[in-house]
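The structure under discussion appears below in the form of structure tokens.
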Number of protein chains: 4
Amino acid sequence: MVKVKIVGAGGYGGVGAIEILYRHPEAEIVALVDLLDTGKKISELYPHLLGICDLTITHPDDDSTDADVVFFSTPDRVGMKTAPGYFSKGYKIVDYSGDFRFDTEEAYAEYASRINLDTDHLSPDLLPHSAYGLAELHRADIGKAKIVGNPGCFAVSASLGAAPAVKAGLVDYNNMIFDAKTGVSGAGKKASPLFHYPHRYDEMNAYRVCKHQHVMEIERELGLLAGGDIKITFNTQVIPVVRGIMTSVYAKVNEGISYDEILSAYRDFYKGEPFITVIDENGSAGNRHVRGTNRCVLWVNLDRRTGTMVVMSHIDNLLKGQAGSAVQNMNILFGLDETSGLKTPGMYP
Amino acid sequence: MVKVKIVGAGGYGGVGAIEILYRHPEAEIVALVDLLDTGKKISELYPHLLGICDLTITHPDDDSTDADVVFFSTPDRVGMKTAPGYFSKGYKIVDYSGDFRFDTEEAYAEYASRINLDTDHLSPDLLPHSAYGLAELHRADIGKAKIVGNPGCFAVSASLGAAPAVKAGLVDYNNMIFDAKTGVSGAGKKASPLFHYPHRYDEMNAYRVCKHQHVMEIERELGLLAGGDIKITFNTQVIPVVRGIMTSVYAKVNEGISYDEILSAYRDFYKGEPFITVIDENGSAGNRHVRGTNRCVLWVNLDRRTGTMVVMSHIDNLLKGQAGSAVQNMNILFGLDETSGLKTPGMYP
Amino acid sequence: MVKVKIVGAGGYGGVGAIEILYRHPEAEIVALVDLLDTGKKISELYPHLLGICDLTITHPDDDSTDADVVFFSTPDRVGMKTAPGYFSKGYKIVDYSGDFRFDTEEAYAEYASRINLDTDHLSPDLLPHSAYGLAELHRADIGKAKIVGNPGCFAVSASLGAAPAVKAGLVDYNNMIFDAKTGVSGAGKKASPLFHYPHRYDEMNAYRVCKHQHVMEIERELGLLAGGDIKITFNTQVIPVVRGIMTSVYAKVNEGISYDEILSAYRDFYKGEPFITVIDENGSAGNRHVRGTNRCVLWVNLDRRTGTMVVMSHIDNLLKGQAGSAVQNMNILFGLDETSGLKTPGMYP
Amino acid sequence: MVKVKIVGAGGYGGVGAIEILYRHPEAEIVALVDLLDTGKKISELYPHLLGICDLTITHPDDDSTDADVVFFSTPDRVGMKTAPGYFSKGYKIVDYSGDFRFDTEEAYAEYASRINLDTDHLSPDLLPHSAYGLAELHRADIGKAKIVGNPGCFAVSASLGAAPAVKAGLVDYNNMIFDAKTGVSGAGKKASPLFHYPHRYDEMNAYRVCKHQHVMEIERELGLLAGGDIKITFNTQVIPVVRGIMTSVYAKVNEGISYDEILSAYRDFYKGEPFITVIDENGSAGNRHVRGTNRCVLWVNLDRRTGTMVVMSHIDNLLKGQAGSAVQNMNILFGLDETSGLKTPGMYP
């Protein structure tokens with residue numbers, strides 16, 4: 001059994017991991033750590049966990065429980081500060097923030113500057129041991145890494161939505177547009193006027209228009225696939241859905257490329273992937289396909305009138321976009337079945 | 001492995017059972033039956049089931065697959081018509097409707113007349129083999145039965161909410177009031193103007209005021225506990241929640257009864273019950289405690305100013321109120337661990 | 001034109017008054033006062049007001065604009081502190097809080113103690129000039145008053161729902177039960193974890209069970225009608241509706257009283273009332289009847305099996321439950337048509 | 001007073017017009033016509049209209065009431081069939097469907113073929129008397145017309161969002177992308193499984209991907225402004241908002257064009273327009289700006305990294321996208337103040 005310690009257990013990312021790991025046949029949670037609510041049982045905070053997980057939340061300084069892996073479900077710059085201690089004791093590490101998504105100090109600095117953080121990485125020595133945790137693109141690297149930088153939720157949706165077309169060179173990747181809509185849980189559990197129920201229930205709006213920090217991950221990933229620099233237009237919106245991301249991916253199709261070639265590229269690229277579903281233009285897709293699951297559903301369309309590929313990319317932002325990917329990465333780190341704990345229907349309606 | 005056939009698989013009650021049985025270590029679904037969508041995979045109708053359950057829906061007349069138990073997730077009078085065939089082949093039966101909730105033809109006739117159905121029971125011979133499927137009140141009977149009449153969702157909430165106080169004789173049970181609110185999924189998956197999204201999103205209303213058919217089950221159950229006839233006031237309302245029932249139970253407390261006696265009565269009555277949580281007046285409870293779980297949470301309060309007991313009874317109408325109880329009853333019918341497949345956190349948020 | 005100054009303009013109670021007064025042919029807003037956001041236009045905070053009301057928010061100390069009436073859409077104990085200054089200048093006053101709902105210092109003290117406030121009234125000299133602002137019960141008093149204590153939203157719903165039956169002596173008013181459900185806007189615009197969108201969207205829960213401070217107003221009002229002391233059981237719940245209150249009123253009907261007598265009592269009591277609609281048991285009612293309007297809709301039912309009257313009382317908590325009643329009271333204070341500004345359909349859906 | 005007859009009064013488009021015209025100082029509704037619910041008062045169907053509009057719904061064949069203008073809030077091909085009778089009697093006509101949005105039989109035929117309708121226009125003689133009802137682009141034509149083809153809701157949002165940039169030649173208008181999200185009311189009041197509350201509440205999905213019929217209107221309008229043919233990529237999605245459309249407009253900015261030039265183009269183009277608000281990149285916009293109003297809010301952004309203009313275009317689909325534009329057009333047809341009846345704050349929250 002892989003022993004898991006979750007730091008930042010009291011947030012949505014922590015509770016998501018608890019829900020998954022409860023079902024995981026080869027892993028168990030041994031410690032829940034948070035700055036807030038220490039001394040309380042997690043099931044007091046989240047009563048749906050009663051009888052499922054009744055562990056007591058401990059303070060970050062409490063080091064009494066050993067584990068094999070630590071999940072940092074924490075804000076930027078927390079994981080990088082605490083990671084060295086765990087690393088030196090042989091823990092593997094999955095960090096949800098941007099701390100280990102970039103393998104150079106320069107790239108981190110650029111990322112950090114976008115969100116007004118200090119730009120110095122606090123654990124540069126660890127970067128060579130890290131991998132970017134988008135399993136469908138970096139499975140082998142993750143398998144060899146000690147630390148995984150879990151990808152941003154929007155980046156999962158966008159990168160998976162465009163990767164096959166970019167890799168196969170089917171589209172003009174210098175002019176791609178990503179129109180992304182997220183549910184409210186993407187902003188976490190902290191109450192704010194923007195997410196106050198009476199304000200949000202019939203509200204929708206763009207935010208940080210073309211300035212969202214996840215764009216860096218997407219451009220890096222697509223650039224690697226294209227073999228060159230890529231700049232994308234990436235627009236983020238929040239709508240009154242609780243969990244889910246829907247990203248429309250638009251790209252001009254190169255001369256002479258048919259719909260069947262595009263579809264084949266997607267099917268081939270994701271062949272055998274346990275969590276990717278490709279749907280053709282005669283089908284349909286929506287949040288229902290992915291809500292409560294670790295799946296990414298890609299609905300591949302072509303606007304023949306304008307020669308534009310339109311891929312609708314759907315994930316559950318709290319699963320494939322966060323805790324689900326974290327567990328998927330943990331499974332790879334420990335050589336377990338990659339789907340362990342993750343084959344779940346969620347619940348409908 | 002208990003082999004399960006689900007008739008009426010395409011409704012919310014069917015899909016709920018599929019979600020649970022997928023997790024069940026000692027049961028497996030062998031056939032999905034419905035009048036609609038035969039020939040389609042269930043995962044085409046419910047895409048979140050992709051890779052979880054991809055069985056093809058068969059017609060009721062298709063008798064090619066054998067099973068140990070059949071779930072009738074069907075409207076009133078379907079189960080009683082088809083049950084004899086299954087019964088004679090040795091199947092056990094769990095029926096979601098009112099068909100087997102009453103053990104006499106007379107009681108059934110009264111029930112049926114309330115909802116304008118034919119009043120003759122079509123399988124009176126089977127009634128002696130049936131039990132009422134509220135496990136906390138009839139566990140022993142269910143264990144000896146062949147057929148279980150799964151209780152109405154409101155009846156689960158109301159009966160469990162009042163049972164201990166009535167049994168212990170702490171309240172004036174001739175003047176009890178049950179104010180019940182249900183989420184919209186209680187009306188099933190059939191679209192209707194009342195549940196059209198733009199109409200329902202900020203709507204709340206009572207319906208069948210004091211005429212809901214579930215009142216009969218509740219009065220019968222409480223009457224059995226009281227050892228006499230009981231008439232209750234039972235009012236049903238629908239609100240823009242998707243899954244969940246919250247019932248306020250009001251009863252005048254008998255002279256000299258203290259809050260501690262009431263609380264003790266609830267704690268004693270449900271001692272050892274795996275799915276019942278009693279919360280005292282210093283705690284709190286809400287739909288979050290039960291959503292996605294098979295739990296019934298009872299928050300026991302006393303208005304000392306008026307001498308009125310106020311119990312807030314919460315269930316997930318699709319789990320403890322329907323498919324969860326169905327599987328719980330199946331577990332009892334087959335001597336399995338009663339919680340098998342049912343210890344699930346749901347998902348939050 | 002009646003000149004209106006709104007103190008606490010930035011909250012839901014303020015914006016509600018602005019929306020109404022914009023339509024009011026005989027009143028105009030001359031000043032918006034708030035502690036927060038001074039110097040900003042109200043339409044910056046509430047962009048739907050752009051071009052409707054673009055007044056700048058001023059600080060409470062800014063006394064440069066004269067008015068005829070001041071609305072205190074402020075928390076408890078703000079109005080009573082500031083009222084004397086306005087009163088001495090001849091302003092009429094409508095206060096939304098509990099400050100002027102009670103006409104004796106003793107009654108105020110009891111109210112204040114329930115919500116853990118200081119119990120001394122700061123302007124006892126003003127109490128003789130005040131009236132309780134439930135127009136249907138105190139129209140004449142309001143007409144003669146200088147200060148109106150606008151009623152609590154729950155109190156409006158409950159008092160109007162029970163008044164005719166109590167007044168006519170048709171029910172046992174010592175055992176009445178009020179089961180009240182409110183939309184989330186009742187808690188105001190301040191963000192909190194309980195009203196965070198992802199938490200609230202499928203949540204429902206009771207709170208302050210049988211301890212809500214509005215119970216005092218209701219008991220006082222019903223006691224006045226009954227000619228004696230009344231104690232009621234009053235339970236409050238919050239559900240994921242944005243605006244609306246639905247209160248179920250339960251009372252045992254006295255021996256020999258028929259449904260028709262009850263219905264007649266309601267019809268007679270509210271005869272000619274512009275904002276009250278009585279619906280008989282063959283009709284139906286819901287939040288749609290009142291959302292966006294100043295109406296109170298009473299659906300009068302009788303459970304003949306148990307001899308229990310069940311009245312479903314519906315209001316929009318932000319209109320008849322708050323700003324609508326405030327303007328209705330202002331109309332009475334100034335001898336205007338009581339419905340001025342208040343005949344609005346809201347919007348559907 | 002302009003006398004208005006509304007055909008199709010029982011749908012959302014009808015009730016929207018009723019809500020507006022109730023407030024209109026120079027118009028009054030004289031007849032409500034529908035195939036369904038004839039003989040009922042509209043306030044029985046829509047109880048929020050009680051006391052606001054209690055007219056009885058009459059059958060289309062009932063011709064007893066005279067009016068000055070008829071609103072066809074009806075499906076495609078109803079208005080064109082009935083219009084000649086009204087036209088010959090001198091009525092002016094506002095049709096909500098696609099029947100009079102195209103001024104040639106050829107253009108209509110292409111439109112009709114997209115949505116699988118018969119392609120012959122039934123009243124070709126009337127086409128020369130019609131104008132396209134997007135007032136900001138065709139005010140003069142509307143003023144001279146007898147018949148107005150009210151624009152499609154998506155077309156309003158998209159055309160207004162792109163018009164200034166196209167007109168000024170600032171962008172590459174051969175590669176524009178419109179990513180449009182609509183609330184559920186856009187589908188009308190007819191219940192369907194896709195808009196069943198439990199299905200829709202946490203659902204979002206694209207539909208008719210790049211095949212929505214409104215694309216024709218948008219391309220025609222933008223083509224007129226550009227002085228040439230334009231083909232756009234236009235993608236439609238539905239999300240769990242009740243009322244509102246948010247369209248992201250993407251276009252590559254031509255070499256050397258600055259953000260200030262773009263912003264100025266928008267400000268100049270819409271100078272003096274009563275219902276258009278242009279917001280610069282330092283501001284923000286959301287559905288709250290337009291919900292319940294006849295406004296179109298345009299938030300003009302530039303992604304300098306990729307040289308892409310991103311305009312967020314917001315309207316209330318039931319007002320500026322439907323009944324609001326209809327009344328605006330009526331005001332122009334009759335030479336009234338264009339904002340009559342339309343300056344309303346809606347309600348918040």
Side-chain angles (χ1 to χ4, degrees), chain B residues 10-16 19 34 36-37 40 44-49 153 181-207 237-245 287-288 291-292 316-319 321-323 346-349, chain D residues 10-16 19 34 36-37 40 44-49 153 181-207 237-245 287-288 291-292 316-319 321-323 346-349:
Chain B
Y12 290 166
V15 74
E19 290 173 5
D34 212 310
L36 301 173
D37 298 304
K40 283 193 185 164
E44 290 177 71
L45 270 69
Y46 292 105
H48 71 298
L49 295 179
C153 52
K181 303 98 196 166
T182 183
V184 182
S185 65
K189 80 163 181 175
K190 186 137 184 274
S192 91
L194 287 175
F195 307 125
H196 189 45
Y197 189 86
H199 179 79
R200 176 55 53 183
Y201 81 114
D202 217 19
E203 173 64 317
M204 52 181 165
N205 61 285
Y207 68 102
Q237 293 144 83
V238 59
I239 64 171
V241 150
V242 171
R243 44 198 305 158
I245 286 179
N287 200 40
R288 290 294 166 207
R291 187 170 165 267
D316 184 322
N317 61 304
L318 296 179
L319 289 170
Q322 194 183 53
M347 61 190 190
Y348 176 86
Chain D
Y12 290 166
V15 74
E19 290 173 5
D34 211 311
L36 301 173
D37 299 305
K40 284 192 184 166
E44 291 178 69
L45 270 70
Y46 292 105
H48 71 298
L49 296 178
C153 51
K181 304 97 197 167
T182 184
V184 181
S185 65
K189 80 164 182 175
K190 186 139 184 270
S192 91
L194 287 175
F195 307 125
H196 189 45
Y197 189 86
H199 180 79
R200 177 53 54 183
Y201 82 113
D202 216 18
E203 174 63 317
M204 51 181 164
N205 61 285
Y207 68 102
Q237 293 144 84
V238 60
I239 63 173
V241 151
V242 170
R243 45 197 305 156
I245 286 179
N287 200 39
R288 290 296 165 204
R291 186 169 166 269
D316 183 323
N317 61 304
L318 296 179
L319 289 169
Q322 194 183 51
M347 62 188 189
Y348 176 87

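First the proteins, then the strands, lettered A, B, ... as listed; each starts at 1.
Between atom CZ of residue R200(D) and atom OH of residue Y201(B) there is a gap of 15.5 Å, rounded to the nearest 0.5 Å.
Below 30°, between 30° and 60°, or above 60°: for F195(D) and H196(B) the angle between ring planes is above 60°, a perpendicular geometry.
The minimum heavy-atom distance linking P240(B) with Y197(D) is given by the pair O-OH, 3.1 Å. Between A191(B) and P193(D), the closest heavy-atom pair is CB-N, 3.7 Å.
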